[in-house]
Amino acid sequence: MELTEKNQIIENARPSIREVTQISNEELRLLHEIPTFRPLIQTFVVISTYFILAAIGFWLNNWAVWLLVWLAQGFLFVCFFAAIHYCSHNSLYKSKHTNRFVGTFLSLVLLMNFSFHKYIHIGHHREAKLKGKIVGDTSAWQTFPDIKTYLIGLTFFYPVAVWNNWWLVTKDLYLESLKTHTQEESDLPTNFYLSYFKTPEQRQVVLQNNWLLLGWVVLMGGLTVIFPGILFFGYWIPIIFFASPFGFIFSITDHYGCESDLNHNLWNDTRTMISNPIIRFYYCNNNYHVEHHLYPSMPPSNYSKIHELIQPHLQYMEKSYLMFHLKIMQGLIAAKSN
């Protein structure tokens, strides 16, 4: 492992990306070209599936049917998040304006601040590559101490943790905006995540998005008063009770149990999941997470091509999300019994 004078970890390549992929500059340029219609069609299918499932639930109006509908919608909320993720990289659609619009809208649906997520996530990539630290997002869980902690994470811990960080950052950002020129930086509360918002413009955009989020909550609250049955069954129940477990199931795989700090390199600090074609389509190929960290600005539709080139070098790869979580539970239960 090589270090700079400031003790920052240099990209630990064993071997390097170029040595593995053997991709020419022209081929790489073509792989970074974002398709025009595929992401639009994909987004339309994902959103349409959500509404079709809701229509089926209202049509049959049976509790067993509703349970299946909510389970599927919980997964679709995770697919919304996958689209938000790529919008934050401006890699889902050709237009930056389209990425921002769709990312902002889907974030509001998930009760999220798009700009907050975007800058935190970009910081996540920067820290992972330069310092070998996997921070932000779901990476607080490098390992679980016991099965109880895992099951808590499977319920509501993930959104509570995210919203808690959002609240702490929002509070400090507002205090920062009120700071006078004579005040010292140390006079105000500090928050680890504040370092991810590099410019006053970025911080201002995060605060502006908070007003959008407040407007969305007010709008949905008003519609719930007018159409309580439709909103409760079609939106509030699936997002409150089913989005969180699926978010945990699909996002925890990215870095859980992988290497970090001085032990990290390009091939062992992130995990790729294979899954099946249906999951990959709806999840926008977000299962190819090593590939994404190698080429974060590449459109997700091309990650399968990168996967074919780098697969022999991947140290963390699983065939299915179900098997991944079964292995975690089995290991935690076995550790407890010992």
On the 0 to 90° scale, with breaks at 30° and 60°, tag the [X]-[Y] ring pair as parallel, tilted or perpendicular.
X: Y50; Y: F80; value: tilted
X: W267; Y: H313; value: tilted
X: F75; Y: F250; value: tilted
X: H121; Y: H89; value: perpendicular

According to a 4.5 Å side-chain heavy-atom criterion applied to Ile, Leu, Val, Met, Phe, Trp and Tyr, with indirect links allowed, do [X] and [Y] form part of one hydrophobic cluster?
X: L322; Y: Y256; result: yes
X: I252; Y: I249; result: yes
X: V225; Y: F232; result: no

Would you say that more than 12 heavy atoms from the other residues, nucleotides or ligands in this model lie under 6.0 Å from the [atom1] of [X], or not?
X: Q330; atom1: CD; answer: no
X: F51; atom1: CZ; answer: no
X: I278; atom1: CD1; answer: no
X: K94; atom1: NZ; answer: yes
X: Y235; atom1: OH; answer: yes

Side chain to side chain donor-acceptor pair (under 3.5 Å) assessment of Y316 paired with H255
CA-CA 9 Å; Y316 293 98; H255 302 286; over 6 Å; no
Assess whether side chain to side chain donor-acceptor pair (under 3.5 Å) is satisfied between Y321 and N287, documenting all intermediate values.
CA-CA 9 Å; Y321 287 92; N287 52 292; 5.2 Å; no
Assess, by modelled atom type and distance only, whether the side chains of T49 and Y282 contain a donor and an acceptor separated by less than 3.5 Å.
yes
Under 3.5 Å side-chain donor-acceptor pair for H85 and N286
yes
Between the main-chain N or O of [Y] and the side-chain N or O of [X], is there a donor-acceptor pair closer than 3.5 Å?
X: E308; Y: K305; answer: no
X: T149; Y: P145; answer: no
X: N285; Y: P300; answer: yes
X: E291; Y: S304; answer: no
X: T272; Y: V290; answer: yes
X: R271; Y: T253; answer: yes
X: N99; Y: Y93; answer: yes

How many angstroms lie between [atom1] in [X] and [atom2] in [Y], if you round to the nearest 0.5 Å?
X: R203; Y: S115; atom1: CZ; atom2: OG; answer: 14.0 Å
X: H289; Y: M273; atom1: NE2; atom2: CE; answer: 12.0 Å
X: I237; Y: L67; atom1: CD1; atom2: CG; answer: 11.0 Å
X: Y303; Y: L294; atom1: OH; atom2: CG; answer: 9.0 Å
X: N209; Y: N113; atom1: CG; atom2: CG; answer: 4.5 Å
X: S91; Y: Y295; atom1: OG; atom2: OH; answer: 15.0 Å

Would you say the side chain of [Y] lies within less than 4.5 Å of the side chain of [X], judging by non-hydrogen atoms?
X: L53; Y: L76; result: yes
X: S88; Y: Y119; result: no
X: N210; Y: L212; result: no
X: Q208; Y: L213; result: no
X: F105; Y: F114; result: no
X: M298; Y: I306; result: yes
X: V206; Y: Q202; result: no
X: L111; Y: W216; result: yes

Closest heavy-atom pair and its distance - M323, S320
N-OG, 2.9 Å
Closest contact, heavy atoms only, L110 versus I84:
CD1-CD1, 3.7 Å
Mind running side chain to side chain contact (heavy atoms under 4.5 Å, CB included) on L40 and T43 for me, showing each step along the way?
CA-CA 5 Å; L40 295 173; T43 304; 5.9 Å; no
Would L309 and Q22 satisfy side chain to side chain contact (heavy atoms under 4.5 Å, CB included), going step by step from the backbone distance to the final call?
CA-CA 8 Å; L309 299 174; Q22 297 292 308; over 6 Å; no
Using residues 58-65 as the side-chain source, report each donor-acceptor pair under 3.5 Å to any protein atom, sequence neighbours left out, with the distance given to one decimal.
residue: N61; atom: OD1; partner: W66; partner atom: NE1; Å: 3.4
residue: N62; atom: OD1; partner: A64; partner atom: N; Å: 2.8
residue: N62; atom: OD1; partner: V65; partner atom: N; Å: 3.4

Flag the pair [X] / [Y] as yes when their ring centroid distance falls below 6.0 Å, and as no otherwise.
X: F242; Y: F77; answer: no
X: H117; Y: F81; answer: yes
X: H292; Y: H307; answer: no

Please list every donor-acceptor pair under 3.5 Å in which a side-chain atom of residues 32-39 meets a protein atom from a residue at least two apart or in another chain.
residue: H32; atom: ND1; partner: L28; partner atom: O; Å: 2.9
residue: H32; atom: NE2; partner: S297; partner atom: OG; Å: 3.4
residue: E33; atom: OE2; partner: R29; partner atom: NH1; Å: 2.9

Can you list the residues that meet the ring-ring contact (aromatic ring centres under 6.0 Å, His included) rule with F324, with sequence neighbours excluded?
none
Stepwise side chain to side chain contact (heavy atoms under 4.5 Å, CB included) test for L151 and T155
CA-CA 7 Å; L151 294 175; T155 54; over 6 Å; no
Please assess H325 against F248 for the test side chain to side chain contact (heavy atoms under 4.5 Å, CB included), listing each intermediate value before the final yes or no.
CA-CA 10 Å; H325 285 275; F248 176 85; 4.2 Å; yes
